[in-house]
Every structure is written in C-alpha cells, then in structure tokens.
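Here the structure is laid out as structure tokens; the discussion comes afterwards.
As the structure lists them, so they are numbered: ligands from 1, and atoms in each ligand from 1. All values below were derived from every heavy atom in this structure, side-chain atoms included, with hydrogens, water molecules and symmetry-related copies excluded.
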Amino acid sequence: MKLSRRELLKSAPAVAVAGGLAARAGAEPLIVRMEQPRNLETPLSDLFGDKTDKFFVRSHFAVPELDAKGFKLTVEGHVENKLELTLADLKKMEAVSREIVMECAGNGRVFLVPQARGLQWGHGAVGQAKWTGVPLGAVLERAKLKAGAGDVVLVGADKGVIADPATPGAIPFDRGIPLAKAKKDETLLVWNMNDEALTASHGAPLRALVGGWYGMASVKWLTRIVVLDKPHTGFWQTFDYSHWERPQDAPPRLVPVTAIQPKAVITTPEAGATIPHNKPHVLAGWAWAGENGVAKVEVSTDGGATWRDVPAKCEPFKAVKWQANFLPEKKGPLKLVARCTDDKGTTQAEKRDTDRRTYMINHLVPVEVTVK
Ligand SMILES: Nc1nc2c(c(=O)[nH]1)N[C@H]1C(S)=C(S)[C@@H](COP(=O)(O)O)O[C@H]1N2
Ligand SMILES: [Mo]
C-alpha cells in the first residue's frame, strides 16, 4: 500500500496531540470538537471504556429541556391506536438490556483527503454501552400498525435552523427507519445507559438505539414517533447523512446512510510515538462490524505490504479488543496498519470510496511511529 505525503501529513498526529492535551488539562475527559452545540470525542486511550462520561457526544442543536416527570412519547400516523406513553408506562413493559456499539457516521472524518466539511472527528466518535429499554417493535405492536405501514419516523425534541440549505424555520432532528429494521430486536427505546439513567447530553429521558446502524438513526430526546405509509424524505436522510448509490438500471441516486461498516482501529502505539528498537512491542486496538460479527483482524507493520492474522472475533453489534506483539527490527519510520473482516466476508477497503461523501469512513488509516 502506498500513501502520498499529503495523506501521511493528514493522518493521525493532529488527533493524537489534541487527545493528549485534553487528557492533561484534566477538566474535560473528552476532546471538544465543537463548543456550541457541544460535540465531544473520546480520546484514543479511553476508546470502548464503559464510562458514560467518556462516551462521545454528537448533537446538532442545543440540548432541549425535557422533564422526566411530564414526559410523554406520542405514537401516531399510520396506526390504529394513537398512543401517549409516560416513562412509567414504558418501564411497565418487558425491559431488555444489550451491549451495543454506536458509531457516528462521520467518525474518522479528519482522515479524509482533501479535508471535508463537517466535524473533524478522529477515531473517537464511537463507543459501546449497555443500553436498557424496550424494543421499538413492542411499542409499535401496542399502537397496531395499519396495513401498508412504511417508515417509522423517530422525532427528537431538539430543533434548529439550518442555514444552508435554508430550512423552513426551525426543524427537529428526526430519522425514518424502514419498518423491517424498526421491528428488529436490536432497535430499542432506551432510558438507561450503563445501568444509569440517560444523561441530558445522551438523550434523557428517552432515546432510540438502532443497533448496527450509524448513530444518526439513534434519535435522542425522543418524544414523537410517526408511522408513515412510505419512506421518509426528511433533511437528515436526504441532504445530510445520505450517500451515492449507482444502480445498474437507473441514474445515480442518494440513499440514506444506514449500516455501520467493519473497522479496526489501532489505539496503541499512538501516531507520532517513538518506540524502542529491537524490544518486543505491543500493537493493540479495537474492531467492530455493526450488524455483522468480526471474523478477522489483520495487522501490518510495513505499511500494508504484508499482513498477519491477529486472534479477534466478536458477535454482531459489539466491539472486540485485539493485540499483537511485534519486534521493531529496523530503526526509522514505521507504518502500522490494521484491518477488519466481518463474518459476511467484507474487508475494509484500502482506499476511500468517494460515493460515501463524508460518511461511513472505514478506509485504512496507517499509524506512523518512529523506531529509535
Ligand atoms: N435528537 C437528536 N438525536 C440525535 C442527534 C441529534 O443531534 N439530535 N445526533 C445523532 C448522531 S449524528 C449521533 S452520532 C448520535 C450520538 O449519540 P451520543 O451523543 O449519545 O453519543 O445521536 C444521534 N441522535
Ligand atoms: Mo453522527
């Protein structure tokens, strides 16, 4: 694998430095990617920890003020029974807890060349948590869908005006989920994260958690569900969070971003590190593959020329930690790379697919270190 100088310059060092500063400052356990609304990234060293205060935050608008006591979730549209559910109503239903990875569709955007618009996430807009709530499907059953139900639109209580393209006043954050995905076991309405009530920044009192899909589908501050008899064509799945598809029999079209793509990330050593010559060294990181399990992780210590297998497997929706020992036998710069293959046989591509616009970023990102 060959990387241009530009790509090398653009790769991990900037992120590593930002992470280091945030960690040393001590006050904010996360890297601030935007002040208002507050958008926070998990430092590499804390990736996939189980602490909620280290879990990344991605919000498009200010956190809405919602009171758990007066809270109501309405379920309306193409249903026989319109519902108004309090949190207590939901908690009376059969609860489930699941550990599920959530990754922002823009995670890794800082590695795009040329630089793309949007928040410049390093690798840290991803995390795994234990989520507790009820399956969305169980709530839809209570609402009794009419025949011909289509997308289930999850609507957040947060709102704002988008400047470009100018929106018709303030619009809410929302997302339509096809009925088939809405009914899957991994699609939940949750009130607990890591055994504690959701915090305001993660969507209290209730959020959706659409397991295996990028984070934009997991609508926070969920107060309204509208069942349509067709696909939803809202801003957040047409203009934003969409990618190009090239059908054989039709012109290229934009389709909503959905499933998380397989990815392996090296967390140690970090880019820019100096590692000792001829001493055994540990290369470690995490891998995940969304709706699919991780079947294989491979690492390369020569920039992608040769690869070796690392033991790592996990079930769908989860992430797995992996590690490999290696001996840096040559002094000088070294390019470390990791790649993941899911249990459907899909391996991370070496090069960026530009049809994905600025989302679904899982091309290989080498980590450059120096052996001394
Ligand atoms: N209501 C609402 N829900 C939202 C968002 C938002 O801005 N508003 N951001 C989405 C995006 S893009 C992501 S990646 C996840 C992030 O969830 P977190 O902040 O709990 O990590 O929430 C999603 N749900
Ligand atoms: Mo996101």
M102 contact mode with ligand 1 (heavy-atom cut-off under 4.0 Å) = side chain

ask   = Which atoms from ligand 1 have a heavy atom of H202 less than 4.0 Å away?
value = 18 (P), 19 (O), 20 (O), 21 (O)

remark   = So for F56 against ligand 1, with non-hydrogen atoms under 4.0 Å, the contacting part is both

ask   = Applying a strict 4.0 Å limit to heavy atoms, is Y214 in contact with ligand 1?
value = no

Within reach of ligand 1, part of A105 (heavy-atom separation under 4.0 Å) = neither

ask   = So, Q348 side chain and N362 main chain: donor-acceptor pair closer than 3.5 Å or not?
value = yes

message = Regarding K220 and S59, do their side chains bring together a donor and an acceptor under 3.5 Å, going by distance alone?
response = yes

query = Which residue supplies the protein heavy atom nearest to atom 12 (S) of ligand 1, what is that atom called, and how far is it?
reply = Y241 OH, 3.1 Å

task = Within a distance under 4.0 Å of any heavy atom of S59, pick out the atoms of ligand 1 and give their elements.
result = 7 (O)

request  = Kindly confirm or rule out an N or O of K220 lying under 3.5 angstrom from an N or O of ligand 1.
outcome  = yes

query = Less than 3.5 Å between some nitrogen or oxygen of W221 and one of ligand 1, yes or no?
reply = no

request  = Tell me who clusters with V63, hydrophobic residues only, linked when side chains sit under 4.5 Å apart either directly or through other members.
outcome  = L66, W221

S218: numbered ligand 1 atoms lying under 4.0 Å from its heavy atoms = 22 (O), 23 (C), 24 (N)

query = By number and element, which atoms of ligand 1 are closer than 4.0 Å to a non-hydrogen atom of F55?
reply = 21 (O)

remark   = For V219, the atoms of ligand 1 under 4.0 Å from one of its heavy atoms are 1 (N), 3 (N), 24 (N)

inquiry  = Contact between ligand 1 and G203 is defined here as a heavy atom of the residue under 4.0 Å from a ligand atom; is it met?
reply    = no

Protein residue, atom and distance nearest to atom 15 (C) of ligand 1, heavy-atom basis = G215 O, 3.6 Å

task = Decide, yes or no, whether a salt bridge links K146 with E80 under the criterion of side-chain N to carboxylate O below 4.0 Å.
result = no

message = Check whether W131 reaches the backbone of A129 with its side chain - one donor and one acceptor, N or O, closer than 3.5 Å.
response = yes

ask   = Can a non-hydrogen atom of R207 be found less than 4.0 Å from any atom of ligand 1?
value = yes

ask   = Taking the six-membered ring of Y241 as reference, does the NZ or CZ atom of R175 fall below 6.0 Å from its centre and within a 45° cone about the axis?
value = no

ask   = What's the shortest distance from atom 1 (N) of ligand 1 to any protein heavy atom, and which residue and atom give it?
value = D158 OD1, 2.7 Å

ask   = Under 3.5 Å, side chain of Q261 to main-chain N/O of A259, donor-acceptor pair present?
value = yes

ask   = Hey, is ligand 1 close enough to R58 that some N/O pair sits below 3.5 Å?
value = yes

ask   = Are the aromatic rings of H60 and F173 close, with centres under 6.0 Å apart?
value = yes

Test item: R339 side-chain N/O and A264 main-chain N/O as donor-acceptor pair under 3.5 Å = no

inquiry  = Is it the case that the ring center of H123 lies less than 6.0 angstrom away from the ring center of F111?
reply    = yes

task = Mark up the atoms of ligand 1 that fall under 4.0 Å of a heavy atom belonging to V57, in ascending order.
result = 19 (O), 21 (O)

key: Residue of the set Y214, Y359, W121 for which side chain to side chain contact (heavy atoms under 4.5 Å, CB included) holds with C104   = W121

remark   = With F48 as partner, the option from W322, F56, F55, W288 fulfilling ring pair (Phe, Tyr, Trp, His ring centres under 6.0 Å) is W288

task = Could you tell me which atoms of ligand 1, counted from 1 in the order shown, lie closer than 4.0 angstrom to a heavy atom of C104?
result = 14 (S)

